[in-house]
Amino acid sequence: MTEDKKPLESENNQQALKHRPIKSFVIRSGRMTLGQQKGWEECWPKMGLDLGAAATDVRDAFAKQQPLVVEIGFGMGSSLVEMSRAAPELNFLGIEVHRPGVGALMSLAQEQNLENIKVFCADANEVLRDHIPDSSIHRLQLYFPDPWHKVRHNKRRLVQPAFVQTIRPKLEIGGVFHMATDWEPYAKHMMKVMESAEGFRNISGEKQYAERPDYRPYTKFEKRGQERGHGVWDLVFERAA
């Protein structure tokens, strides 16, 4: 009986692997610094949101009902904290899988006494599916995502036709999807995907990249790259339907 089951179990496992969603990220290893750990322990009860436990409408987690800005993959969080401080009339939700980055963001936000920022340490696809209702996002930000530059890894890029149509209903009509990258092949890929995406309009004109909006901080990472001759490409697409 056991021998008969083994081929079936193997076949089922292969089918499960075949249909498993492709991840657009790799969870990096690395220990938290003392400051990041302290930020996590002290701030998570106030700023952190857990999958399944958080409200199905993430807007209910904020003290004030204000337009919602969501950033996927905020890294160490300094630019998201800067945006949150500069725009108290908006609520900011950060989504990041790297725990040290989440700890660093919360520590910075606490230092500046920010009340308009919350964070998930989770896969963005799960957050979007379970905690962000339709027509709730004012602006969705994706800044300097992993470009997966090797051809065999291109399928891991987050900006793909299926993902774009997943986020479209989450944006309010007139809400924007703002992308930025310093990898030109990925910028071209983003442009190709977005120009053909149903229900979106390029606010800069057909096939045109955008100037960096004032609200997106000019980071040390970006400055260092430009000093080395690297370009940065911004794309801002509005939900039109």
Side-chain angles (χ1 to χ4, degrees), residues 25 27-128 130-133 136-146 158 170-171 175-180 212-224:
F25 60 87
I27 298 179
R28 294 167 288 165
S29 61
R31 294 183 178 181
M32 289 188 181
T33 65
L34 290 177
Q36 292 163 359
Q37 184 65 42
K38 182 180 179 182
W40 185 284
E41 294 172 354
E42 293 183 355
C43 304
W44 184 261
K46 180 181 178 181
M47 298 182 203
L49 301 172
D50 292 300
L51 286 174
T56 54
D57 187 340
V58 73
R59 293 173 294 182
D60 293 338
F62 292 88
K64 297 180 180 179
Q65 291 299 302
Q66 303 180 138
L68 179 65
V69 176
V70 177
E71 181 164 343
I72 296 174
F74 55 75
M76 300 308 288
S78 58
S79 64
L80 185 55
V81 167
E82 184 176 341
M83 284 184 279
S84 177
R85 178 188 54 76
E89 72 281 4
L90 300 174
N91 287 333
F92 290 81
L93 174 68
I95 306 172
E96 175 59 63
V97 296
H98 188 50
R99 284 176 62 92
V102 174
L105 176 140
M106 292 191 297
S107 183
L108 284 171
Q110 178 177 249
E111 288 174 6
Q112 299 187 37
N113 298 312
L114 299 178
E115 301 289 338
N116 61 335
I117 190 165
K118 300 288 182 181
V119 60
F120 275 100
C121 186
D123 184 340
N125 286 297
E126 295 181 80
V127 177
L128 288 164
D130 297 334
H131 298 285
I132 298 181
S136 64
I137 300 177
H138 177 65
R139 184 170 74 238
L140 179 62
Q141 302 176 169
L142 181 67
Y143 297 157
F144 307 102
D146 192 326
L158 186 58
K170 303 297 182 179
L171 288 162
V176 299
F177 180 28
H178 180 192
M179 298 147 278
R212 179 181 62 86
D214 290 340
Y215 62 76
R216 183 174 75 75
Y218 190 46
T219 65
K220 292 180 180 178
F221 165 81
E222 187 173 352
K223 292 175 184 175
R224 185 169 62 247

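As the structure is a prediction and not an experimental result, all values here were calculated from the model. We use all heavy atoms of the structure for the numbers below, so side chains are in, but hydrogens, waters and symmetry mates are not.
The two residues Ala109 and Val81 have their closest heavy-atom pair at N-CG2, 4.1 Å. Summarising the geometry of Ala61 relative to Lys118, their closest heavy-atom pair is O-CE, 3.1 Å, with the distance given to 0.1 Å. Between Arg59 and Pro133, the closest heavy-atom pair is NH2-CG, 3.7 Å. Considering all non-hydrogen atoms of both residues, Asp123 and Ile95 come closest at C-CG2, 4.5 Å. Shown here for Leu142 and Leu158, the closest heavy-atom pair between the two residues is CD1-CD2, 3.8 Å. For Leu93 against Leu49, the heavy-atom pair with the smallest separation is CD1-CD1, 3.9 Å.
For Asp50, there are no salt bridge (charged side-chain N to carboxylate O under 4.0 Å, His left out) partners, not counting sequence neighbours. Applying the salt bridge (charged side-chain N to carboxylate O under 4.0 Å, His left out) rule to Arg216 yields the partners Glu222, Asp234; only residues at least two apart in sequence or on another chain are considered. Partners of Lys46 according to the salt bridge (charged side-chain N to carboxylate O under 4.0 Å, His left out) rule, which considers only residues two or more places apart in sequence or in another chain, are Glu115.
Contacts classified as ring pair (Phe, Tyr, Trp, His ring centres under 6.0 Å) and involving residues 99-120 (residues at least two apart or in different chains) are given here: Phe120-His131. The stretch residues 68-83 participates, sequence neighbours left out, in these side chain to side chain donor-acceptor pair (under 3.5 Å) pairs: Glu71-Gln141. Residue pairs meeting the ring pair (Phe, Tyr, Trp, His ring centres under 6.0 Å) criterion with at least one partner in residues 40-72, sequence neighbours excluded, are Trp40-Trp44.
Using a distance-only test at 3.5 Å, with no hydrogens or angles considered, a donor-acceptor pair links the side chain of Asn116 to the main chain of Ala87. Without hydrogens or angle criteria, Asp130 side chain to Gly52 main chain gives no donor-acceptor distance under 3.5 Å. Remark: side-chain polar atoms of Glu96 are paired, donor with acceptor, to backbone N or O of His98 under 3.5 angstrom. A donor-acceptor distance shorter than 3.5 angstrom exists from the side chain of Gln66 to the backbone of Pro88, with no hydrogens or angles considered.
Proximity of Val127 to Leu51: side-chain heavy atoms (C-beta onward) are separated by under 4.5 Å at one or more points. Under the 4.5 Å side-chain criterion, counting only non-hydrogen atoms from C-beta, Ser107 is not in contact with Gln36. Between Phe92 and Arg139 the shortest side-chain heavy-atom distance falls below 4.5 Å. Counting heavy atoms from C-beta on, the side chains of Leu105 and Ile117 come closer than 4.5 Å. In this structure the side chain of Ile137 never reaches within 4.5 angstrom of the side chain of Val58, judged on heavy atoms.
Here the straight-line distance linking atom CG of Leu140 with atom CE of Met179 works out to 8.5 Å at 0.5 Å rounding. Note: Cys43 SG to Leu114 CG = 10.5 Å, rounded to the nearest 0.5 Å. Going from atom CD1 of Ile132 over to atom CG of Asp57 covers 9.0 Å, rounded to the nearest 0.5 Å.
Residue Asp60 places its CG atom among more than 12 non-hydrogen atoms of other residues, nucleotides or ligands, all under 6.0 Å distant.
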